Structures are given as C-alpha cells and as structure tokens.
J.: 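Right, I'll just put the structure down here and ask away after.
Source: prediction; values computed, not measured. All values below were derived from every heavy atom in this structure, side-chain atoms included, with hydrogens, water molecules and symmetry-related copies excluded. Position 1 is the first residue of the sequence; numbering continues from there.
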Amino acid sequence: MTSKPPPLSRAEDRFEVSREQLFEEVWETPILHLAEKYAVSGSYLARVCTVLRVPRPPVGYWQKKAVGRAPRRPELPEAQPGDQQIWSKDRPLARPAREERGEERQKEGRGAARPAVNALLRGTKSQFLKTRKIDANEFLRPYKQLLPDIVTSAASLERALDLANGLYLAFGKKGYPVRFAPPDQKLQRAKIEERETVRHDRKYGQYGLSVVI
C-alpha cells in the first residue's frame, strides 16, 4: 500500500521540483496521489513528466507492486540540451520534446507529398501575419511572443519561413534539433553585429529598415 503524501502548506506552495526529484516521487507514489500534494490534476502532472522527460510507471504497476510482481524501474534518461529540468507552478511548461522534434510530410492530392515541415514552423505563418500596425516594408511585429526568432517583412515572410525550415531540418538531421528555450533556463541569442555602423531604432532596437530577410 502507498500512502498519500501530505499536501504542501501555503508557505511551500511556491516550489521548484527537479526532474530527478520528480522521477523518485512518481515511482514511490501513484500520480493521482502525488498530484494532490502539488494541488494539480493528475493529467497535468503527467504532462509535466512528459516535458521533463521523466518516465512514469506503466498501467497496472501499483497492483503488481502490491503483490511483489512489479516490473523493474527504468533509469532516468539523461537530459538533452534544451530540455526543461525544473518544474514550478509560477513558470510555464515547455513544449513536450516529441512535439518539437520530427518532421511532418503533409499529403496534398492523391499520393503527392509536400516537403517536410519542422514542428516549430507548423502554423506559424498566420501567427506572424497577426501583427501590430506597421508601415509598408517594415518588419512584422506579431502579437504572439512564443514564435521562432525570425525577423522579416510581410513580403518576404514565405521565403524567410522556407529558409528557416531548411535550416532547422538540416540541424535536426545532424542531431541538433531546434527548440524553444525552456522556461527554467535563461538563454539569450548571441549578439552578432554585421554592420559597420550601429543604428538604433525605437521599434526594432539595433535593426532598421535596411535589414530585411
């Protein structure tokens, strides 16, 4: 029999749980009981495990454990570069790794297949076009913040997305999948200045209208 862990007190409600700690807990306590401790739903906690790449007990594990026939617990896989490794209630969850990896060949007509599309770029064109008011040939300023880091005008958007797609797929084939930075890691883009004279702009910082992808 497994006992329910006591729920967190109000003072403990702002917590941080490492993937190592979560791994130990989900193999010691049924996920529904563990979810009560953290005051979340069981389905949400299962999603946390997926995002942090924490394996969970299979269906029927606790019944088999009660009679001494539980399968052997697996090892916690090593975290991959870019994986979220800390869970807390005050931070958003990253996308599950399986949603960002892989390529999708979309069917068009009878048997015809369009080129592979990187997961990060699926459906992003419409999000880029939902932009704040801009003048002609200015860079798009989409309302949505969680988008691939692409600076482009509306006229060049299609070409910019195709270029990004080819680049992301090439990285993925080499074993370097492109992902959004996980919310528990403060990552920043490398600062690269390609111009001889830096010019500042109120809207775009150091980028001006002369730089269009």
Side-chain angles (χ1 to χ4, degrees), residues 1-107 113 116-124 144-146 148 168-169 171-187:
M1 295 292 292
T2 58
S3 59
K4 294 184 180 181
L8 298 177
S9 67
R10 181 167 295 182
E12 298 173 316
D13 194 48
R14 293 180 63 84
F15 58 82
E16 288 190 347
V17 179
S18 69
R19 61 192 302 268
E20 291 79 12
Q21 177 184 341
L22 185 60
F23 175 69
E24 294 296 330
E25 290 187 327
V26 296
W27 286 89
E28 291 295 330
T29 306
I31 197 164
L32 290 179
H33 295 173
L34 190 59
E36 291 180 11
K37 170 186 174 181
Y38 291 113
V40 297
S41 67
S43 59
Y44 180 81
L45 190 56
R47 181 166 175 253
V48 173
C49 291
T50 300
V51 170
L52 270 62
R53 211 184 294 272
V54 170
R56 293 182 286 120
V59 176
Y61 173 82
W62 300 105
Q63 292 86 342
K64 292 180 180 179
K65 184 177 181 179
V67 296
R69 299 179 59 186
R72 185 176 180 181
R73 188 178 83 170
E75 297 292 330
L76 176 65
E78 291 186 9
Q80 300 299 310
D83 280 353
Q84 182 172 348
Q85 301 186 43
I86 301 291
W87 168 51
S88 65
K89 276 189 175 180
D90 57 350
R91 290 198 191 109
L93 282 176
R95 288 188 182 183
R98 68 170 180 267
E99 293 182 10
E100 293 187 353
R101 289 180 176 173
E103 302 162 9
E104 181 182 84
R105 291 196 174 275
Q106 302 174 348
K107 297 296 181 180
V117 178
N118 181 272
L120 283 186
L121 297 173
R122 295 173 197 162
T124 56
K144 186 175 180 181
Q145 295 183 347
L146 191 60
Y168 294 178
L169 294 180
F171 275 125
K173 289 179 180 179
K174 294 292 185 180
Y176 304 103
V178 179
R179 303 193 206 167
F180 289 119
D184 64 327
Q185 300 176 33
K186 295 182 180 180
L187 303 179

J.: So, using side chain to side chain contact (heavy atoms under 4.5 Å, CB included) as the criterion, who are the partners of Ser41 when residues are at least two apart?
T.: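 With neighbours one apart ignored, the set is Ser43, Tyr44.
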J.: Report the distance from atom CD of Gln84 to atom CD1 of Ile86, rounding to the nearest 0.5 Å.
T.: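 The distance works out to 8.5 Å.
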J.: If you look at every heavy atom in Pro58 and Trp27, which pair is closest and at what distance?
T.: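 Heavy atoms only, the tightest pair is CD-CH2, 4.1 Å.
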J.: Under the 3.5 angstrom rule, does the side chain of Thr50 hit a backbone N or O of Ala46 as a donor-acceptor pair?
T.: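 Yes: the side chain of Thr50 pairs with the backbone of Ala46.
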J.: In Å and rounded to the nearest 0.5 Å, what is the CG to CD distance from Asp83 to Glu78?
T.: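 Spacing of CG (Asp83) from CD (Glu78) equals 11.0 Å.
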J.: Ignoring hydrogens and angles, tell me if any N or O in the side chain of Lys89 forms a donor-acceptor pair with the backbone of Tyr38 under 3.5 Å.
T.: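 Yes, the answer is positive, given that a donor and an acceptor are paired below the 3.5 Å cut-off.
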J.: Carefully, step by step, assess Leu52 and Gln85 under the rule side-chain contact (heavy atoms from CB on, under 4.5 Å).
T.: CA-CA 6 Å; Leu52 270 62; Gln85 301 186 43; 5.9 Å; no
J.: Mind checking what makes salt bridge (charged side-chain N to carboxylate O under 4.0 Å, His left out) contact with Arg73, not counting sequence neighbours?
T.: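 For Arg73 the salt bridge (charged side-chain N to carboxylate O under 4.0 Å, His left out) partners, ignoring immediate neighbours, are Glu24.
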J.: Are Gln63 and Arg69 close enough, and set up right, to give a side-chain contact (heavy atoms from CB on, under 4.5 Å), and what steps lead you there?
T.: CA-CA 9 Å; Gln63 292 86 342; Arg69 299 179 59 186; over 6 Å; no
J.: Evaluate the criterion side-chain contact (heavy atoms from CB on, under 4.5 Å) for residue pair Trp87 and Leu45; output intermediate values, then yes/no.
T.: CA-CA 10 Å; Trp87 168 51; Leu45 190 56; 3.8 Å; yes
J.: Looking at residues at least two apart in the chain, or sitting in another chain, which of them share a side chain to side chain contact (heavy atoms under 4.5 Å, CB included) with Pro77?
T.: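 Checked Pro77 against side chain to side chain contact (heavy atoms under 4.5 Å, CB included); matches are Arg19, Arg53, Pro55.
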J.: Work out which heavy atom in Trp62 is nearest to a heavy atom in Glu28; give both atom names and the distance.
T.: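 Looking at all heavy atoms of both residues, the closest pair is CH2-C, 3.5 Å.
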J.: If you take all heavy atoms of Ala70 and Tyr61, which pair is closest and at what distance?
T.: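 Heavy-atom minimum between the residues: CB-CE1, 3.6 Å.
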J.: Give me the atom names and distance for the closest heavy-atom approach of Thr124 to Leu121.
T.: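 Nearest pair, atom of Thr124 first, then Leu121: OG1-O, 2.9 Å.
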J.: Looking only at non-hydrogen atoms, find the nearest pair between Ala116 and Leu169 and report the distance.
T.: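 For Ala116 and Leu169, the tightest heavy-atom pair comes out as O-CD1, 3.6 Å.
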J.: Shortest non-hydrogen contact from Thr29 to Leu34?
T.: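 Closest heavy-atom pair between Thr29 and Leu34: CG2-N, 3.9 Å.
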J.: Looking at residues at least two apart in the chain, or sitting in another chain, which of them share a side chain to side chain contact (heavy atoms under 4.5 Å, CB included) with Phe171?
T.: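 Leu167, Tyr176, Val178.
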J.: Can a donor-acceptor pair be found, under 3.5 Å and without considering hydrogens, that links the side chain of Asn118 to the backbone of Leu120?
T.: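 Yes; at least one donor-acceptor contact below 3.5 Å.
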J.: Before you tell me yes or no, could you show the steps for Val26 and Cys49 under side-chain contact (heavy atoms from CB on, under 4.5 Å), namely the whole-Å CA-CA distance, both residues' side-chain angles and the distance that decides it to 0.1 Å?
T.: CA-CA 9 Å; Val26 296; Cys49 291; 3.8 Å; yes
J.: Apply side chain to side chain contact (heavy atoms under 4.5 Å, CB included) to Leu32 and list each qualifying residue two or more places apart in sequence or on a separate chain.
T.: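 Leu32 satisfies side chain to side chain contact (heavy atoms under 4.5 Å, CB included) with no residue once adjacent residues are dropped.
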